[in-house]
Structures are given as C-alpha cells and as structure tokens.
Amino acid sequence: MAINSCPCGSGRALADCCDPIITGRAQAPTAEALMRARYVAYATNRIDFIEKTHAPESREGFDRAASEKWARESEWKGLRIVATKGGTERDVEGVVSFVAEWEQGGKAHRHEEISLFRKDKGAWMFLEGHTPKPETVVKTGPDLGRNDPCHCGSGKKFKKCHAASTKY
C-alpha cells in the first residue's frame, strides 16, 4: 500500500477517499462508504468520527475510552467488503458485510460483521453490527466404516484413529 493510499483498501488516495468523509468536508454517499470511513477512523485513531456516526439510539453502548485504546494499540491490516444490500444513494437503509483485520500485541485478529445502517436527514448512520452465523454443514457422503481410512488424513483406519475416542 502506498504511503498516501487509503487504509480502507479502495486503492484511492486517503485525501480523495475516506478523509473528506471523516473530516466532515463530504457526506458518505453510501452505507459502504460510511463503513469504509469508519474503518479508516479506527486505523487513524479518529474516534470522534466513530462516535458521531453512531445512530442516537446506539450511542449508549459505545465505549469511547475502549475504542481509543483499541485504535491506538492496533496495527490495522485491512478491510474487505464481503457484500452489501441496499445502502445506495437512493436508499434509506443498508447492510454491509465486512471482514476487518488488525494486529495487537503481536497477535493477528480478524473480525467479521454484518452492519446495519440508516440514512437520517441525508447522512448515513451506523445502527448495529452482528457476527454472521456459521453456515450449517450438511453431510452428503456415506458414513465412514470402521475399516475405512480416517477422515483426518492420518493414514490409519478410522477404528484405530478417531473412532478409538468415540463411543458408539
């Protein structure tokens, strides 16, 4: 990433991407643009913007001191927008699914979230975020027999590997 590249991952310069939104020189045109600007606000430790862009009903749960500490102590590694629903310039509600990555205390972290946004008097606001539920895995193949190779790839028979610790 170039020195002046926006941390949101758009490939644009920070001055032409999220900075005008964070500084108030421009409104976020979409829910995704607000999501990107909020990530950059954390990455550049501008927590005033995070607090300001919370919808009034969601501000009560916002811990400013913890957010400042987290932003300051983290090395922000990247943002990936997974999907959006609504949230365009014509909409009043939007959903943005994203993955944010950072490092703190030498340990890598990853956060997946589905964020809900609402446009209020022309400005996008963050309402709430939810962790996506894991997808249910449906087994489609046959059951393993006791003498089949174990599914873990050990090369042992199932009965001598994982079945040994499983009670039938």
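For this chain, numbers begin at 1 and follow the sequence in order.
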Which value, rounded to the nearest 0.5 Å, describes the distance between [X] atom [atom1] and [Y] atom [atom2]?
X	Y	atom1	atom2	result
Arg12	Cys18	CZ	SG	7.5 Å
Arg46	Thr23	CZ	OG1	7.0 Å
Asn4	Cys17	CG	SG	12.5 Å

I need the minimum non-hydrogen distance between [X] and [Y], along with the two atoms involved.
X	Y	value
Ser115	Met35	OG-SD, 4.1 Å
Ala33	Pro29	CB-CD, 3.7 Å
Gly94	Ala31	CA-CB, 4.4 Å
Arg110	Trp102	C-CZ3, 4.2 Å

Examine the side chains of Ser10 and Arg36 and answer whether a donor and an acceptor come within less than 3.5 Å of each other. no

Polar side chain donor-acceptor pair, Glu32 to Thr30, under 3.5 angstrom: no

Given 3.5 Å as the limit, does a donor-acceptor pair link the side chain of [X] with the main chain of [Y], or not?
X	Y	result
Ser74	Ala71	no
Arg59	Lys52	yes
Asp63	Ala66	yes

Check whether any side-chain heavy atom of [X] lies under 4.5 Å from a side-chain heavy atom of [Y], and answer yes or no.
X	Y	answer
Thr131	Glu112	no
Gln104	Glu75	no
Glu103	Lys77	yes

Shared hydrophobic cluster, [X] / [Y] (ILVMFWY, side-chain heavy atoms < 4.5 Å):
X	Y	value
Met125	Tyr42	no
Trp124	Ile22	yes
Leu79	Leu116	no
Phe49	Trp70	yes

According to the interplanar angle, ranging from 0 to 90°, do the rings of Phe62 and His54 count as parallel (below 30°), tilted (30 to 60°) or perpendicular (above 60°)? tilted

Would you call the rings of Tyr39 and Trp76 parallel, tilted or perpendicular, taking 30° and 60° as the class edges? perpendicular

Does anything in residues 82-97 form a side chain to side chain donor-acceptor pair (under 3.5 Å)? List the pairs, not counting sequence neighbours. Thr88-Asp91

Should Ile50 and Phe126 be marked as a side chain to side chain contact (heavy atoms under 4.5 Å, CB included) after you check the CA-CA gap, both sets of side-chain angles, and the distance that decides it? CA-CA 9 Å; Ile50 299 296; Phe126 170 78; over 6 Å; no

When you measure from the centre of the six-membered ring of Phe98, is the NZ or CZ of Arg80 under 6.0 Å away and within 45° of the axis? no

Test Arg64 against Asp48 for salt bridge (Lys or Arg N to Asp or Glu O under 4.0 Å), laying out the working first. CA-CA 9 Å; Arg64 185 182 177 90; Asp48 284 343; 2.4 Å; yes

Apply side chain to side chain contact (heavy atoms under 4.5 Å, CB included) to Phe117 and Leu127, showing your working. CA-CA 5 Å; Phe117 295 88; Leu127 285 172; over 6 Å; no

Give the C-alpha distance, both sets of side-chain angles, the deciding distance and a yes or no for salt bridge (Lys or Arg N to Asp or Glu O under 4.0 Å) between Arg118 and Glu128. CA-CA 10 Å; Arg118 177 186 72 224; Glu128 61 186 7; over 6 Å; no

Side chain to side chain contact (heavy atoms under 4.5 Å, CB included), paired with Cys6, selected from Val40, Asp19, Thr44: Val40

